[in-house]
Amino acid sequence: MCNLTTVRKSRDEVAAHFRVRTPPDVELNVPEETLPGYPGMVIREADGERVLQSMVWGFPLRLKGMKPESKPKPVNNIADLRKPMWIGLAKKPEARCLIPLTGFAEPEGPKGSKTRTWVTLKGQPIFAWGGLWRKSAEWGPVYSGAMTDCNEAMRPLHDRMPVLLDPDEYDQWLRGSFEDLLAFQQRSFPDDLIEMDHTRELWVPKKAKATAEAPPLL
């Protein structure tokens, strides 16, 4: 699973990398580090152009037995694009998105004292995670990222990893066939592009722990 991402670049730097149309008076109210249920940057297409905007990370899901006043759980990872929850959106290019990243983190170490290991891509200060988005009644526009089996470089951290895209694959994710998306989800990302920074930072700050520990994976 991927439950912590970061974009340590400005809005304008992200917009330039993805060649998006961003009105100069629009400011994106997103934190430098994003947890499920919080806003993050997203690239989508509208009228044939790429648009950069803020959306909440995670599709709202109400589990059986939840009280009506309870906050929905954010489904922030897409295990299989063929599942009923996702396949309808995945087949529609207008429901696809690119999730800008400068890195994502996985927990490492013994339970109770796990630390953050940040994953970046060699030679790519900004890169993209393939995702889907929709409008929700609860949180407005929301997004979720597709997951795939880990490569050997990621295996010490987790057996799953985000579907990462090279810049020349952005259009194919946004405009390609459903079969193109499945191929991205089923391929093994090159090991030699993965770089890791093993830090001493605690995995999740206490104030965010309840949100980030257990989002459902669908």
Side-chain angles (χ1 to χ4, degrees), residues 1-20 28 30-36 38-44 50 52 54-55 57-58 76-79 96-109 113-133 143-174 181 184-205 208 211-212 215 217:
M1 296 178 71
C2 180
N3 294 326
L4 179 60
T5 65
T6 188
V7 179
R8 302 182 190 275
K9 298 289 184 180
S10 70
R11 179 203 66 180
D12 291 343
E13 288 174 307
V14 172
H17 174 80
F18 288 95
R19 305 192 310 276
V20 304
L28 301 178
V30 297
E32 189 175 85
E33 294 180 357
T34 299
L35 293 161
Y38 289 86
M41 291 189 191
V42 174
I43 310 293
R44 63 178 179 87
R50 293 180 187 174
L52 172 62
S54 170
M55 298 185 189
W57 185 17
N76 58 295
N77 291 169
I78 303 169
R96 302 172 189 169
C97 65
L98 303 172
I99 305 165
L101 302 176
T102 58
F104 64 93
E106 292 290 352
E108 190 172 24
S113 58
K114 290 184 181 295
T115 55
R116 298 177 178 188
T117 292
W118 286 100
V119 181
T120 57
L121 296 190
K122 185 181 298 183
Q124 297 188 41
I126 303 173
F127 55 98
W129 177 11
L132 302 175
W133 79 279
Y143 69 97
S144 189
M147 301 296 289
T148 184
D149 290 335
C150 71
N151 58 18
E152 290 306 309
M154 284 291 299
R155 194 171 300 281
L157 296 179
H158 206 286
D159 61 0
R160 301 284 280 171
M161 65 182 288
V163 173
L164 303 177
L165 303 169
D166 290 324
D168 61 0
E169 296 170 336
Y170 295 168
D171 277 339
Q172 191 174 6
W173 181 270
L174 291 172
L181 269 64
F184 282 128
Q185 191 168 44
Q186 293 165 1
R187 75 174 178 183
S188 179
F189 194 77
D191 292 311
D192 59 356
L193 294 182
I194 298 293
E195 295 185 329
M196 296 185 187
D197 180 15
H198 304 271
T199 76
R200 295 184 179 180
E201 299 174 80
L202 291 178
W203 167 236
V204 179
T211 303
L217 177 64

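If you're wondering where the values come from, they're calculated on a predicted model, not measured in any experiment.
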Between R116 (side chain) and W203 (backbone), is there a donor-acceptor pair under 3.5 Å?
yes
Would you indicate whether the side-chain heavy atoms of T148 and Q186 approach each other to under 4.5 Å?
no
Kindly give the heavy-atom pair with the smallest separation between Y143 and I99, and that separation in Å.
CD1-CD1, 3.7 Å
With heavy-atom distances below 4.5 Å as the criterion, would you say the side chains of Q124 and D166 are in contact?
yes
For W173 and F184, take the angle between the two ring planes, folded into 0 to 90°, and tell me which bin it lands in: parallel under 30, tilted 30 to 60, perpendicular over 60.
tilted
Any side-chain heavy-atom pair from L35 and N76 closer than 4.5 angstrom?
no
Say you draw a straight line from CG of D149 to CD of Q185; how long is it, rounded to the nearest 0.5 Å?
9.0 Å
Minimum heavy-atom distance between L101 and V7, given as atom pair plus value
CA-CG2, 4.1 Å
Short side-chain to backbone donor-acceptor contact, S144 and G58, under 3.5 Å:
no
Check side-chain hydrogen bond (donor to acceptor under 3.5 Å, both in side chains) between E13 and all other residues, then give those that pass, not counting sequence neighbours.
S10
How long is the span from the CZ atom in R96 to the CZ atom in R44, to the nearest 0.5 Å?
15.0 Å
Apply side chain to side chain contact (heavy atoms under 4.5 Å, CB included) to the pair V14 and L28, showing each step before the final yes or no.
CA-CA 11 Å; V14 172; L28 301 178; over 6 Å; no
Below 4.5 Å, heavy atoms only, C-beta onward: do R155 and C150 meet side chain to side chain?
yes
Is a donor on one side and an acceptor on the other found under 3.5 Å between the side chain of K122 and the backbone of D192?
yes
Side-chain (R160) to main-chain (A79) donor-acceptor, under 3.5 angstrom
yes
Could you state the interatomic distance from OG1 (T115) to CG (L202), rounded to the nearest 0.5 Å?
8.0 Å
Once rounded to the nearest 0.5 Å, what's the spacing between atom CG of L132 and atom CD1 of I78?
4.0 Å
Minimum side-chain heavy-atom gap M147-W129 below 4.5 Å:
yes
Is the shortest side-chain heavy-atom distance between N77 and C2 below 4.5 Å?
yes
What closest approach, in Å, do F127 and F18 show between heavy atoms, and which atom pair accounts for it?
O-CZ, 3.8 Å
Using the side chain to side chain donor-acceptor pair (under 3.5 Å) rule, pick out the option among E106, H198, E201, E195 that qualifies with W118.
E201
Pairwise side-chain contact, R50 with L174, heavy-atom cut-off 4.5 Å (strictly under)
yes
Under the 3.5 angstrom rule, does the side chain of T102 hit a backbone N or O of R8 as a donor-acceptor pair?
yes
Main chain of E169, side chain of Q172: is a donor-acceptor contact present, judged purely on distance under 3.5 Å?
no
Side chain proximity check, L165 to F189, heavy atoms < 4.5 angstrom
no
In short, T34 meets G40 closest at the heavy-atom pair OG1-CA, 3.9 Å
Rounded to the nearest 0.5 Å, what separates atom CD1 in I126 from atom CG in L121?
12.0 Å
Over all atoms of both residues, closest heavy-atom pair of A153 and M196
O-CE, 2.9 Å
For E32, is there any backbone N or O sitting under 3.5 Å from a side-chain donor or acceptor partner on T6?
yes
Where is the tightest heavy-atom contact between T5 and W57, given as atom of each residue plus distance?
CG2-CH2, 3.8 Å
